[in-house]
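Step one of this worksheet: look at the structure below.
Below, each value reflects all heavy atoms present in this structure, side chains not excepted, and no hydrogens, waters or symmetry copies.
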Amino acid sequence: MLENGSKAQSRFWLRFFLAAALLVACGIFLEVRSAGEDSRPRLALKNFPIQIQGWEGSTIPIAADVRAVLGPGDFLERLYHHSDGGAPVDLFLAYFPSQRSGDTVHSPKNCLPGGGWTPIAASHMSMKAPDGKPFTVNRYLIAKGLDRMLVLYWFEEQGRPVASEYWAKAYLVADAIRENRTDGALIRVATPLAPEESPTSGEKRAVRFAENVLPLLPAYIPR
């Protein structure tokens, strides 16, 4: 048992140092290659549709202190209600045109606890892109007092949906080398759960909404 525990600890530290080395290498490379980036045409997030397949949205202002933490970028938060009724869905989009100077995508895994929400369960699940290909997203069940919320989120790296923030960093380095691009985005879909509602029910609502959003993203988050 002790030997197995020692091996598990060794693997943990190996993964930790590999991840740390990747982040350091990413920072060094992006600092060295500071020439102007190849930017792609896109629409500002404020133009994202208010009405989406029966969903009606209302924009939530992002506080100045939150924007200061997020850094330079284009951000949008909207609360969407469906015409059929039921709980709303909160959509948060963050697009960073450049991540060379440390202004990188912030993971909800770190931000949510800061807002008073406690993770209850964390896992991955599969969704389908508009072309039918599956991709993996993060699935979180969080709570604050008696309130519960189901959260799905993933990163977008030049058209690649990525669940892992470490893989997102790896793609960031690769795209900086190959295409001189370091732009990236975060997509977060969250919905509150009624007192007796199951997380599975909330997940279906979030997925139904997200599937309507996915075809719209390329105009605002360039591939």
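A tilted orientation is assigned to the rings of Phe209 and Tyr80, their planes being inclined by 30° to 60°. Classification of the Tyr140-Tyr153 ring pair by plane angle, with boundaries at 30° and 60°, yields tilted.
Leu45 and Val89 fall within a single hydrophobic cluster, where Ile, Leu, Val, Met, Phe, Trp and Tyr side chains are chained together by heavy-atom contacts under 4.5 Å. Linking Ile, Leu, Val, Met, Phe, Trp and Tyr residues whenever their side-chain heavy atoms come within less than 4.5 Å leaves Leu152 and Leu186 in two separate clusters. Hydrophobic cluster membership differs between Ile142 and Ile60, with clusters built from Ile, Leu, Val, Met, Phe, Trp and Tyr side chains linked at under 4.5 angstrom. Residues Met127 and Ile52 are members of one and the same hydrophobic cluster, defined by side-chain heavy-atom contacts under 4.5 angstrom among Ile, Leu, Val, Met, Phe, Trp and Tyr. Side-chain heavy atoms closer than 4.5 Å link hydrophobic residues (I, L, V, M, F, W, Y) into clusters, and following such links, possibly through other members, connects Trp117 to Ile62.
The two residues Pro88 and Thr191 make their nearest non-hydrogen contact at O-OG1, 2.7 Å. Residues Pro161 and Glu156 come closest through the heavy atom pair CB-OE2, 3.8 Å. Contact record, Arg208 with Asn212: O-ND2, 3.3 Å, taken as the closest heavy-atom pair. Leu150 and Gly202 get closest at one heavy-atom pair: CG-C, 4.2 Å. Listed here is the closest heavy atom pair of Pro97 and Gly73: CD-CA, 4.0 Å. Here the closest non-hydrogen pair linking Pro195 and Arg148 is O-NH2, 3.4 Å.
Rounding to the nearest 0.5 Å places CD1 of Ile187 at 8.0 Å from CG of Leu214. Residue Leu141 holds its CG atom at 6.5 Å from CG of Leu193, rounded to the nearest 0.5 Å. The NE2 atom of His81 sits 6.5 Å away from atom OG of Ser58, with the distance rounded to the nearest 0.5 Å.
Gln51 meets the side chain to side chain donor-acceptor pair (under 3.5 Å) test with Glu56; sequence neighbours excluded. Partners of Ser201 according to the side chain to side chain donor-acceptor pair (under 3.5 Å) rule, which considers only residues two or more places apart in sequence or in another chain, are Glu197.
In this structure, Lys144 places its NZ atom where more than 12 heavy-atom neighbours from other residues, nucleotides or ligands lie under 6.0 Å away.
With a 4.5 Å cut-off on side-chain heavy atoms, Arg139 and Pro199 count as touching. Using a 4.5 Å heavy-atom threshold, the side chains of Asn138 and His124 count as touching. For the pair Val189 and Val137, the minimum side-chain heavy-atom distance is 4.5 Å or more. Between Asp147 and Met149 there is no side-chain heavy-atom pair separated by less than 4.5 Å. Proximity of Leu93 to Arg78: side-chain heavy atoms (C-beta onward) are nowhere separated by under 4.5 Å.
Comment: Asp74 does not engage Lys46 in a salt bridge, judged by the lack of any side-chain N to carboxylate O separation of less than 4.0 angstrom. With respect to the salt-bridge test (charged N to carboxylate O, under 4.0 angstrom), the residues Arg42 and Asp183 do not qualify.
Pairs engaging residues 184-204 under the ring pair (Phe, Tyr, Trp, His ring centres under 6.0 Å) rule: none recorded [sequence neighbours left out].
Side-chain N/O atoms of Trp55 and Gln53 include no donor and acceptor closer than 3.5 Å.
None of Phe96, Tyr220, Phe48, Tyr95 except one satisfies the ring pair (Phe, Tyr, Trp, His ring centres under 6.0 Å) rule with Phe75; the exception is Phe96.
Not a single donor-acceptor pair under 3.5 Å links the side chain of Arg188 to the backbone N or O of Asp90.
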